[in-house]
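This report refers to the structure that appears directly beneath it.
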Amino acid sequence: MNFHDFHDCVLCPRKCHADRTKYSGFCGGTNQLKVAAAMLHFWEEPCISGKNGSGAIFFSGCNLKCCFCQNEKLSHQNYGKIISTEHLAEIFLSLQEQGAHNLNLVTACHVLPWVIPALEKVKSFLHIPVVYNSGGYESVETLKLLNGLVDIYLTDFKFFRPETAEKYASAPDYPEIADSAFQEMLNQTGKPVFEGELLKKGCILRHMVMPSLRKESISLLEFLAEKYNPENFLLSLMAQYTPMKQQNFPELNRKLTKMEYFSVLDTAQKLQFQGYSQEISSAKKDYTPDFHLQGI
Ligand code: SF4
């Protein structure tokens with residue numbers, strides 16, 4: 001693994017310099033690969049899940065760790081099972097055999113030292129696209145390692161103001177990092193390419209509207225429309241925020257109102273974004289998959 005030093009990890013923008021051979025980094029990653037589940041997943045955007053489902057591999061740990069995370073068992077508690085690169089490569093092929101429309105690598109940045117060799121191993125046997133599903137907190141240098149291996153970026157742009165990113169994810173540089181990461185992702189994929197209803201290449205930018213932050217969401221959309229032509233990617237505007245536990249920030253202890261979501265959706269439509277919106281009724285704990293090592 002010559003692109004990565006486990007003794008001094010700087011794989012993601014946290015650059016926490018953890019010696020992952022002795023202790024876990026901010027993301028929870030050590031020098032072993034941990035996976036929480038691998039399964040056909042039907043709750044992604046329709047062009048990703050299709051009829052058969054997306055072949056999702058949920059990696060344990062996360063380099064962002066938002067305080068309101070909807071998958072805390074994985075991201076904060078690092079739930080999962082240690083497996084080898086060879087086993088990961090077998091999981092990729094098994095998901096393809098089960099009929100998955102794509103391989104969907106969920107939060108993989110901190111485990112790329114295993115994911116990249118596993119992808120290289122199976123590349124010649126894969127006939128489905130590879131989706132890199134990210135929180136958006138990625139360094140351009142690391143993303144360049146994925147050029148040619150990833151077909152679709154499904155990435156978040158969570159916060160537009162450094163103050164919000166610091167408050168909820170201890171990452172004040174998030175807006176700037178997510179912006180340069182998105183530029184690199186677009187450079188790699190180009191405009192969306194469909195085969196029937198399914199996306200084969202391109203970028204989907206996800207943004208979840210948060211309680212009390214609709215104005216920040218609107219500023220983000222205006223920025224994205226001006227900097228990146230809305231024709232160049234798909235926007236997925238999410239309404240599913242659900243308080244999973246009592247939060248220290250009172251505004252996070254409620255769901256989104258219809259007014260909040262529809263005011264942002266209205267802006268997205270005026271700015272001529274193409275893509276996906278959600279029903280407010282999607283904000284339910286039931287829509288968050290449970291993880292118990294399925295498919296591992
Ligand atoms: S990938 Fe993990 S260990 Fe490495 S710099 Fe990021 S947070 Fe730290």
Side-chain angles (χ1 to χ4, degrees), residues 43-46 62 64-72 75 133-138 153-183 185-186 203-288:
W43 297 104
E44 304 287 28
E45 286 72 4
C62 176
L64 207 48
K65 290 198 165 93
C66 303
C67 65
F68 53 81
C69 183
Q70 315 279 290
N71 287 327
E72 200 177 271
S75 58
N133 189 333
S134 160
Y137 198 50
E138 304 276 348
Y153 285 100
L154 179 51
T155 189
D156 290 327
F157 206 128
K158 292 172 186 277
F159 316 109
F160 189 53
R161 292 175 63 239
E163 295 80 4
T164 314
E166 178 163 29
K167 185 177 176 188
Y168 294 152
S170 313
D173 57 353
Y174 179 91
E176 171 196 341
I177 297 274
D179 180 24
S180 45
F182 188 54
Q183 177 75 71
M185 294 172 186
L186 274 177
C203 290
I204 302 178
L205 190 138
R206 276 179 172 167
H207 176 67
M208 183 164 75
V209 184
M210 300 287 297
S212 306
L213 286 181
R214 72 182 180 90
K215 288 189 180 156
E216 186 167 332
S217 294
I218 289 171
S219 303
L220 170 68
L221 295 189
E222 287 167 350
F223 164 79
L224 292 169
E226 195 179 324
K227 177 158 183 185
Y228 305 101
N229 184 339
E231 280 180 11
N232 288 330
F233 63 99
L234 300 164
L235 176 72
S236 178
L237 196 62
M238 305 172 87
Q240 70 185 47
Y241 175 74
T242 309
M244 304 301 277
K245 61 174 189 190
Q246 187 69 21
Q247 291 286 343
N248 293 333
F249 306 110
E251 70 277 15
L252 293 181
N253 288 319
R254 67 164 174 90
K255 291 184 185 174
L256 207 57
T257 64
K258 280 188 180 166
M259 186 283 286
E260 285 173 317
Y261 184 66
F262 286 113
S263 65
V264 182
L265 184 58
D266 187 49
T267 305
Q269 284 162 346
K270 282 188 184 131
L271 293 169
Q272 299 192 310
F273 282 104
Q274 302 297 311
Y276 305 94
S277 56
Q278 274 184 328
E279 302 287 327
I280 290 272
S281 60
S282 60
K284 288 186 184 152
K285 285 186 186 173
D286 307 356
Y287 288 107
T288 306

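- Applying the side chain to side chain contact (heavy atoms under 4.5 Å, CB included) criterion to Ile177, with sequence neighbours excluded, gives Pro13, Tyr137, Asp173.
- Residues Pro175 and Arg161 have side chains not in contact (no heavy-atom distance under 4.5 Å, counting atoms from C-beta outward).
- Of the candidates Leu154, Asp156, Leu235, Ile204 forms a side-chain contact (heavy atoms from CB on, under 4.5 Å) with just one, namely Leu154.
- Nearest heavy atoms, Lys158 versus Gly135: CE-O, 3.8 Å.
- Distance check, rounded to the nearest 0.5 Å: CD of Glu260 to CG of Leu265 gives 13.5 Å.
- In this view, Lys215 satisfies the side chain to side chain contact (heavy atoms under 4.5 Å, CB included) rule with no residue, not counting sequence neighbours.
- Around CD of Gln247, the count of heavy atoms belonging to other residues, nucleotides or ligands within 6.0 Å exceeds 12.
- The CG atom of Leu221 sits 11.0 Å away from atom CD of Gln269, with the distance rounded to the nearest 0.5 Å.
- Residues Cys67 and Leu252 form a side-chain contact, since some pair of their non-hydrogen atoms from C-beta on lies under 4.5 Å apart.
- By the side chain to side chain contact (heavy atoms under 4.5 Å, CB included) test, Ala225 is found to be paired with Pro230, Leu271, Phe273, residues two or more places apart in sequence or in another chain being considered.
- In this structure Phe223 satisfies the ring pair (Phe, Tyr, Trp, His ring centres under 6.0 Å) test together with Phe160, sequence neighbours excluded.
- Glu138 contributes no side-chain N or O that, together with a main-chain N or O of Ala181, makes up a donor-acceptor pair within less than 3.5 Å.
- Tyr174 contributes no side-chain N or O that, together with a main-chain N or O of Leu64, makes up a donor-acceptor pair within less than 3.5 Å.
- Taking the ring pair (Phe, Tyr, Trp, His ring centres under 6.0 Å) definition, one finds that Phe182 meets it with Tyr228, Phe233, sequence neighbours left out.
- Contact of the Arg206 side chain with the Glu44 side chain is registered, since non-hydrogen atoms from C-beta on lie closer than 4.5 Å.
- At distances below 3.5 Å, not a single donor-acceptor pair connects side-chain atoms of Glu45 with backbone N or O atoms of Tyr276.
- Heavy-atom contacts from other residues, nucleotides or ligands closer than 6.0 Å to CD of Glu222 number more than 12.
- Rounded to the nearest 0.5 Å, atoms CE (Met208) and CZ (Phe157) are 15.0 Å apart.
- Counting only distance, with no hydrogens or angles, the side chain of Tyr261 and the backbone of Gln240 share no donor-acceptor pair below 3.5 Å.
- Here the straight-line distance linking atom CG of Leu237 with atom CG of Leu205 works out to 10.0 Å at 0.5 Å rounding.
- Summarising the geometry of Pro162 relative to Pro172, their closest heavy-atom pair is CB-O, 3.3 Å, with the distance given to 0.1 Å.
- Atom NZ of Lys255 and atom OG1 of Thr257 lie 13.0 Å apart (nearest 0.5 Å).
- Using a 4.5 Å heavy-atom threshold, the side chains of Arg214 and Met259 count as touching.
- Using a distance-only test at 3.5 Å, with no hydrogens or angles considered, no donor-acceptor pair links the side chain of Glu72 to the main chain of Gln70.
- The shortest distance between side-chain heavy atoms of Lys227 and Asp179 falls below 4.5 Å.
- Side-chain contact check for Glu216 versus Leu220: every heavy-atom pair is 4.5 Å or farther apart.
- With sequence neighbours excluded, the residues forming a side chain to side chain contact (heavy atoms under 4.5 Å, CB included) with Glu251 are Lys167, Tyr168, Ser212, Phe249, listed by chain and number.
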